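Please read the structure below before turning to the comments.
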Amino acid sequence: QVQLVESGGGLVQPGGSLRLSCAASGLIFSTYAMGWFRQAPGKEREFVASINPNARGTYYADSVKGRFTITRDNAKNTVYLQMKSLKSEDTAVYYCGRGPLYGTGERGIGYAYWGQGTQVTVSS
């Protein structure tokens, strides 16, 4: 049974930073792309970033390029999202998802499992 557990969300001022973590279990982590998505109130869930299984490829939504960095530690079955220069429009519930087997997971394609989400609020 695949389980994904996000952590690291919170309240941060504009311009601040946060690092989200997603611990995975119940899968051979190193064979799947992993991704981060977010959903703001009243909006659909949107793709934020993805990373391929060996971490050699990363992909980002235009809205976060240059500010967010996705990484993974296959030894710890964990994927991270480092967020810098946060803006109020980054406020959302952030979810991690299991992407396609040996895929890239870019543009949010091929995701099958999701965590419960972690709230990120950017406000002064």
Side-chain angles (χ1 to χ4, degrees):
Q1 178 180 352
V2 176
Q3 288 192 323
L4 304 172
V5 180
E6 302 96 336
S7 61
L11 173 64
V12 63
Q13 293 187 342
S17 300
L18 277 177
R19 189 176 83 152
L20 306 183
S21 299
C22 172
S25 60
L27 75 166
I28 303 175
F29 184 76
S30 61
T31 64
Y32 288 92
M34 296 295 295
W36 286 96
F37 294 72
R38 66 187 181 187
Q39 187 168 18
K43 295 187 177 181
E44 293 187 353
R45 185 160 54 191
E46 65 175 359
F47 170 78
V48 174
S50 69
I51 187 167
N52 69 357
N54 63 12
R56 291 178 183 172
T58 56
Y59 310 88
Y60 297 93
D62 288 343
S63 58
V64 306
K65 278 181 183 176
R67 300 188 298 120
F68 290 11
T69 304
I70 186 170
T71 58
R72 65 190 295 162
D73 185 336
N74 285 346
K76 295 183 178 180
N77 284 9
T78 302
V79 60
Y80 304 96
L81 186 68
Q82 178 68 52
M83 305 185 294
K84 298 180 179 180
S85 303
L86 283 161
K87 307 174 182 179
S88 58
E89 51 263 46
D90 295 317
T91 294
V93 178
Y94 283 71
Y95 299 88
C96 74
R98 192 215 74 182
L101 182 68
Y102 296 120
T104 63
E106 59 185 305
R107 301 191 303 274
I109 297 171
Y111 287 79
Y113 293 93
W114 306 93
Q116 82 290 346
T118 186
Q119 176 71 47
V120 172
T121 303
V122 184
S123 175
S124 55

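Bear in mind the structure is a predicted one, so any value in this text is a computation, not a measurement. We count residues from 1, following the sequence as given. What's counted below: heavy atoms across the whole structure, side chains too, no hydrogens, waters or symmetry copies.
Residues passing the side chain to side chain donor-acceptor pair (under 3.5 Å) test with K43, sequence neighbours excluded: none. Residues satisfying the ring pair (Phe, Tyr, Trp, His ring centres under 6.0 Å) criterion with Y32, sequence neighbours excluded, are absent altogether. R38 pairs by the salt bridge (Lys or Arg N to Asp or Glu O under 4.0 Å) definition with E46, D90, not counting sequence neighbours. Take R19 and apply the side chain to side chain donor-acceptor pair (under 3.5 Å) test, not counting sequence neighbours, and it matches no residue. Partners of S88 according to the side chain to side chain contact (heavy atoms under 4.5 Å, CB included) rule, which considers only residues two or more places apart in sequence or in another chain, do not exist here. Residues satisfying the side chain to side chain donor-acceptor pair (under 3.5 Å) criterion with Q119, sequence neighbours excluded, are T121. Listed by chain and number, the residues in a side chain to side chain donor-acceptor pair (under 3.5 Å) with N74 are R72 (sequence neighbours excluded).
Heavy atoms from other residues, nucleotides or ligands lying under 6.0 Å from CD1 of I28 number 12 at most. For CD of E89, the number of neighbouring non-hydrogen atoms (other residues, nucleotides, ligands) closer than 6.0 Å is greater than 12.
Closest approach of P53 and S30 over heavy atoms only: CB-O, 3.2 Å. The shortest heavy-atom contact between G103 and A33 is O-CB, 3.4 Å. Residues L20 and G9 approach most closely at CD2-N, 3.6 Å, considering heavy atoms. T91 and V122 get closest at one heavy-atom pair: OG1-N, 2.9 Å. Looking at every heavy atom in both residues, V120 comes nearest to M83 through CG2-CE, 3.9 Å. Nearest heavy atom pair, residue S124 against residue P14, reads N-CD, 3.7 Å.
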Subject >> ring-ring contact (aromatic ring centres under 6.0 Å, His included) between W36 and F47, worked out >> reply: CA-CA 7 Å; W36 286 96; F47 170 78; over 10 Å; no
**OP:** Would you please test Q82 and S17 for side chain to side chain contact (heavy atoms under 4.5 Å, CB included) and show each step?
**Re:** CA-CA 8 Å; Q82 178 68 52; S17 300; 4.0 Å; yes
**OP:** Might you work through the side chain to side chain contact (heavy atoms under 4.5 Å, CB included) test for R45 and W114, ending with a clear yes or no?
**Re:** CA-CA 12 Å; R45 185 160 54 191; W114 306 93; 3.5 Å; yes
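The list of side-chain hydrogen bond (donor to acceptor under 3.5 Å, both in side chains) pairs with a residue in residues 102-113, not counting sequence neighbours, reads T104-E106. Counting only residues at least two apart or on different chains, no ring pair (Phe, Tyr, Trp, His ring centres under 6.0 Å) pair has a member in residues 57-100. Within the structure, the salt bridge (Lys or Arg N to Asp or Glu O under 4.0 Å) test picks out no pair touching residues 114-124 (sequence neighbours left out). Listed by first then second residue, pairs satisfying disulfide bond (SG atoms under 2.5 Å apart) with a partner in residues 19-106 read C22-C96, not counting sequence neighbours. Among pairs with a residue in residues 47-58, none fulfils salt bridge (Lys or Arg N to Asp or Glu O under 4.0 Å), at least two apart in sequence or across chains.
Going from atom CG of L27 over to atom CD of Q1 covers 12.0 Å, rounded to the nearest 0.5 Å. Atoms OG1 and CG, from T118 and L81 in turn, are 11.0 Å apart once rounded to the nearest 0.5 Å. With rounding to the nearest 0.5 angstrom, the CG atom of N54 is 11.5 Å from the OG1 atom of T31.
No donor-acceptor pair under 3.5 Å is formed between the side chain of T58 and the backbone N or O of I51. Under a 3.5 Å cut-off, the side chain of E6 and the backbone N or O of G117 do form a donor-acceptor pair. Side-chain atoms of N52 come within 3.5 Å of backbone N or O of G57 as a donor-acceptor pair.
Residues L18 and K84 fail the side-chain proximity criterion, which asks for heavy atoms closer than 4.5 Å.
A continuous path of ILVMFWY side-chain contacts below 4.5 Å connects V2 to F29, so both sit in one hydrophobic cluster.
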